[in-house]
Protein chains: 4
Amino acid sequence: MWSVRTKEDVVEAYRKQSICDAAMRVVARKGMKDVTVQDIADEAGLAKGTIYSYFESREEILARTMENATASLVEKLGIACKACRTFREVLEQRVRTQLHHFDDNRDFFRLYLAMAEPFGERRLKQHPTYQTYLAQLQRLVRDAVARGEIRDANVERLSIAISSVVRDIVLHRMIEREPPSLDDDVQFAVDFIMRGIQS
Amino acid sequence: MWSVRTKEDVVEAYRKQSICDAAMRVVARKGMKDVTVQDIADEAGLAKGTIYSYFESREEILARTMENATASLVEKLGIACKACRTFREVLEQRVRTQLHHFDDNRDFFRLYLAMAEPFGERRLKQHPTYQTYLAQLQRLVRDAVARGEIRDANVERLSIAISSVVRDIVLHRMIEREPPSLDDDVQFAVDFIMRGIQS
Amino acid sequence: MWSVRTKEDVVEAYRKQSICDAAMRVVARKGMKDVTVQDIADEAGLAKGTIYSYFESREEILARTMENATASLVEKLGIACKACRTFREVLEQRVRTQLHHFDDNRDFFRLYLAMAEPFGERRLKQHPTYQTYLAQLQRLVRDAVARGEIRDANVERLSIAISSVVRDIVLHRMIEREPPSLDDDVQFAVDFIMRGIQS
Amino acid sequence: MWSVRTKEDVVEAYRKQSICDAAMRVVARKGMKDVTVQDIADEAGLAKGTIYSYFESREEILARTMENATASLVEKLGIACKACRTFREVLEQRVRTQLHHFDDNRDFFRLYLAMAEPFGERRLKQHPTYQTYLAQLQRLVRDAVARGEIRDANVERLSIAISSVVRDIVLHRMIEREPPSLDDDVQFAVDFIMRGIQS
DNA sequence: TATGAATGAGAATTCATTCAT
DNA sequence: GATGAATGAATTCTCATTCAT
């Protein structure tokens, strides 16, 4: 059915993930433009040639790495707070999840920022994972508008505004040697955003 | 007096600026990491070697380009709305100036974003022009807090939140093929921000 | 034991030697200062990039080439005439070996001369192979002095004088389209030197 | 007759000499292959373009510099010891003059050595100044042979042997931080050479 | 399948030479 | 004549990609 080759597929997926993980660590150390395929191979404990059994090109590795990394955050966000009642609760959960994620993965940080810049020919808007992320957020906002919890403004712009505030809080936590407590930042962000959007 | 070499200096400054302008256009087309010195030379209508009479290295060109470009915006912002009374008025002027600036200089866009990512060893926080920009904003916020116009919260975080919202509006204007009217975006941003910060 | 990597080492050493051999031929044709890495690669039948798997830089190739080439002569000289009784016999063997070496390796000629000029920051005296060469000669001279075969003068200066005579004979053989017979030059040199040094 | 343009010629000759002098100093500092035309211009206090009013190319500057420098020594040698009676006296004068010359002009040293290596396509033998030098020496040797002062061997080879011994003494004086006294080296060289050549 | 040596297009940088002022 | 800005060919070195083992 869905195949005799399951095992191979699993192995392949595992290898790809290992390579992306390695790529993430190296990117975090050297910055996207200075990472060589050799760097990634070394970090992954593989030969350079082997990398090319799993990926077409350097560009593909980096693109996939970016996707995987973001996907993991988006997934966490997707399951965050199924039980929450109000938009404020949802928002707080999401913000906390994001801040945690970045506190846990300083590595991820540069990739995340790098995502905000043009990558190859693809732009932010075209990036599928970013699409998912924004769609998720927009759905939540739309629902909250429908429930009258927040004001009836352009949903897309509201979402963008929300994500931008969170992003920059994240960014500054990364940069600060001693950032404010996570709870403080969560409270500030949620408060600022809620003021901006409540009816 | 203030020097015999004025003329040479002026010519030199003019050349450097031309090169940075060219660099900006090319970066806008190809993305920072893919720009070659030859690209810049071609765009500037100069020979590759000539570029090196004015700059030490490719890195220096890009760094200087970034600085110049941002400095010009920061300067505009600095003189914006000397006559404004309320923080809302100031904010509106600033947001409008920024949105205009980016509408006028799509080129600049990628550079601006690129600034938000690690550049060489320098980071956002260390970047002097960004420092100036943020300091400006913080001063305005602090004054407004003192006047009781906006609530008494952490000034730095308020400023970051403000700038992040504007930045993402800008970003999305750049990406949209047909962005909302500039006035609409200005209103949205000012409104969102003011809600977030008023007492 | 003395390593699992013997084979790789041998291959590497062989490659390095091939490249140095190629470098020697090209230097002989174009002169040290005009040799490009591309020249060496072409001569070696390798791609430019391959050269850089074996050497760090153009400078390293040339330095190593010089060393290898001289080392091979010094080695020959070291084993020359173990059975000789008198200093005159040893000297004759050595001179003959050198003249042969250069007759066989016109290529080597320029390198040898180049060694007599400053190379990078290192000078003749600091060059390890030249050190070996001179030390060898000095030992022979000292022994001969001890045996009373040659006069008791400053050993270093005697050695320098000896090597300089031989070097210039070599040089002129290279330059002459039709040099004297090898035996004639050997006899002349040995005779001249022996007169200069015998007690 | 031989011209209205004498004055211009003198100025031109003077300029050329200044440039060669400058070149000599720079070569002494940086080594022949690393000297740029800009270096020479700076050292001479002229603009780069001006250099090209006096010389066709970088190569010509260096060639002429070499020639001038050597010519000055050869000239000194030509007038040395007109009054000397025996070959030994002449030889001693010449050796002393050469050692002095190099003690006075460490700058000159590298050029001298550089001359011993191929220069462009011209070789040692073809170099006119070296020709002059060797011819001078050979004449002296031939005369001495005629007078029965030294043995009747191949004049060219004797001359080569003589010049090589002197050259290496010079070389080693340059290299040694504390060389033997000039007189000692003169005595050693003259003694060694005379033994090699006397009948 | 994994490897890593080999490749060579392409990038940054240098510098001899020219030429308008 | 003198200048030095401009030029671009030449050079070193890098690294993504291929492919024989």
Side-chain angles (χ1 to χ4, degrees), chain A residues 8 11-12 15 19 33-42 44-62, chain B residues 7-8 11-12 14-15 19 33-42 44-62, chain C residues 7-8 11-12 14-15 19 33-42 44-62, chain D residues 8 11-12 15 19 33-42 44-62:
Chain A
E8 284 79 357
V11 170
E12 166 136 350
R15 277 301 179 87
I19 293 168
K33 112 168 172 353
D34 290 337
V35 170
T36 69
V37 174
Q38 186 67 67
D39 288 332
I40 297 171
D42 290 348
L46 295 171
K48 204 168 18 164
T50 308
I51 301 287
Y52 283 88
S53 320
Y54 295 97
F55 294 95
E56 287 288 315
S57 70
R58 175 182 179 277
E59 293 294 280
E60 197 202 333
I61 303 168
L62 294 177
Chain B
K7 197 173 147 205
E8 284 81 355
V11 170
E12 165 136 351
Y14 173 74
R15 285 293 199 183
I19 293 168
K33 91 184 188 343
D34 290 335
V35 170
T36 71
V37 174
Q38 186 65 65
D39 289 333
I40 297 172
D42 291 348
L46 294 171
K48 198 165 28 160
T50 307
I51 301 289
Y52 283 91
S53 326
Y54 295 97
F55 295 95
E56 287 285 317
S57 68
R58 175 182 179 278
E59 293 295 281
E60 199 202 331
I61 302 168
L62 295 178
Chain C
K7 195 172 148 206
E8 283 81 354
V11 170
E12 166 136 352
Y14 173 74
R15 285 292 198 183
I19 292 168
K33 92 182 185 345
D34 291 334
V35 170
T36 70
V37 174
Q38 185 67 64
D39 289 333
I40 297 171
D42 291 349
L46 293 172
K48 200 169 22 163
T50 308
I51 302 289
Y52 284 90
S53 325
Y54 295 97
F55 295 94
E56 288 285 318
S57 68
R58 174 183 180 277
E59 293 295 280
E60 198 202 331
I61 302 169
L62 295 178
Chain D
E8 285 79 356
V11 169
E12 166 135 351
R15 278 301 181 88
I19 292 168
K33 112 169 173 351
D34 289 337
V35 170
T36 70
V37 174
Q38 185 66 64
D39 289 332
I40 297 171
D42 290 348
L46 294 171
K48 202 166 23 164
T50 308
I51 301 287
Y52 283 88
S53 319
Y54 295 97
F55 295 95
E56 286 288 314
S57 70
R58 175 182 180 275
E59 293 294 281
E60 197 202 333
I61 303 168
L62 294 178

- Query: Do you know which two heavy atoms are closest between B:Ala41 and B:Ala47, and how far apart they sit?
  - Reply: CB-C, 4.0 Å

- Message: So, does A:Thr50 get its side chain near the phosphate of E:dT3, meaning an N or O under 4.0 Å from OP1 or OP2?
- Response: yes

- From the candidates F:dC13, F:dT3, E:dT17, the one with an atom nearest any side-chain atom of C:Ser57 is F:dC13

- What is the distance from atom OH of B:Tyr54 to atom CD of B:Glu60, rounded to the nearest 0.5 Å? 13.5 Å

- Note on the structure: For F:dC15, the nucleotide meeting Watson-Crick or G-U wobble distances (both under 3.5 Å) is E:dG8

- Identify which nucleotide among E:dA12, E:dT3, E:dA16 has an atom closest to any side-chain atom of B:Lys48, counting heavy atoms from C-beta outward. E:dA12

- So does A:Arg15 get a side-chain nitrogen or oxygen closer than 4.0 Å to the phosphate oxygens (OP1/OP2) of E:dA2? yes

- Without swapping roles, check the side chain of D:Arg58 against the backbone of D:Val35 for a donor-acceptor pair under 3.5 Å. yes

- Message: In whole Å, I'd like the distance from the CD1 atom of A:Ile51 to the C1' atom of E:dA5.
- Response: 17 Å

- Look up atom CD1 in B:Ile40 and atom NZ in B:Lys48, then write down how far apart they are to the nearest 0.5 Å. 12.0 Å

- Message: Is there a side-chain contact between D:Tyr54 and the phosphate of F:dA2, meaning an N or O under 4.0 Å from OP1 or OP2?
- Response: yes

- Interatomic distance, C:Phe55 CZ vs E:dA6 C1' [rounded to whole Å]: 16 Å

- Query: What is the distance from CD1 of C:Ile19 to C1' of E:dA6, rounded to the nearest Å?
  - Reply: 11 Å

- Note on the structure: Of the candidates F:dA16, E:dT13, F:dC13, the side chain of C:Arg58 sits closest to F:dC13

- Task: Using whole Å, report how far CG of B:Asp42 lies from P of E:dA11.
- Result: 11 Å

- Query: Can you tell me the Watson-Crick or wobble partner of E:dT13, both distances under 3.5 angstrom?
  - Reply: F:dA10

- Could you state the CD-P distance from A:Gln38 to F:dT18, rounded to the nearest angstrom? 16 Å

- Item | Given F:dT18, F:dT12, E:dA16, the nucleotide with the shortest approach to the side chain of C:Tyr52 | F:dT12

- Task: Remember a base hit wins even if backbone is also touched, and classify C:Val35 as base, sugar-phosphate or nothing at under 4.0 Å, heavy atoms.
- Result: sugar-phosphate

- Query: Rounded to the nearest 0.5 Å, what separation is found between the CD1 atom of A:Ile19 and the CD1 atom of A:Ile51?
  - Reply: 4.0 Å

- Message: If I take atom CG in residue B:Leu46 and atom C1' in nucleotide F:dG4, what distance separates them, rounded to the nearest angstrom?
- Response: 16 Å

- Find the distance D:Ile40:CD1 to E:dC15:P and express it as a whole number of Å. 12 Å

- Item | Between P of E:dA9 and CG of B:Asp34, the distance in whole Å | 19 Å

- Query: Mind checking who F:dT21 pairs with, Watson-Crick or G-U wobble, both distances under 3.5 Å?
  - Reply: E:dA2

- Of all the choices, F:dT12, E:dC15, F:dC15, which nucleotide is nearest to the side chain of D:Thr36 once you look at every atom? E:dC15

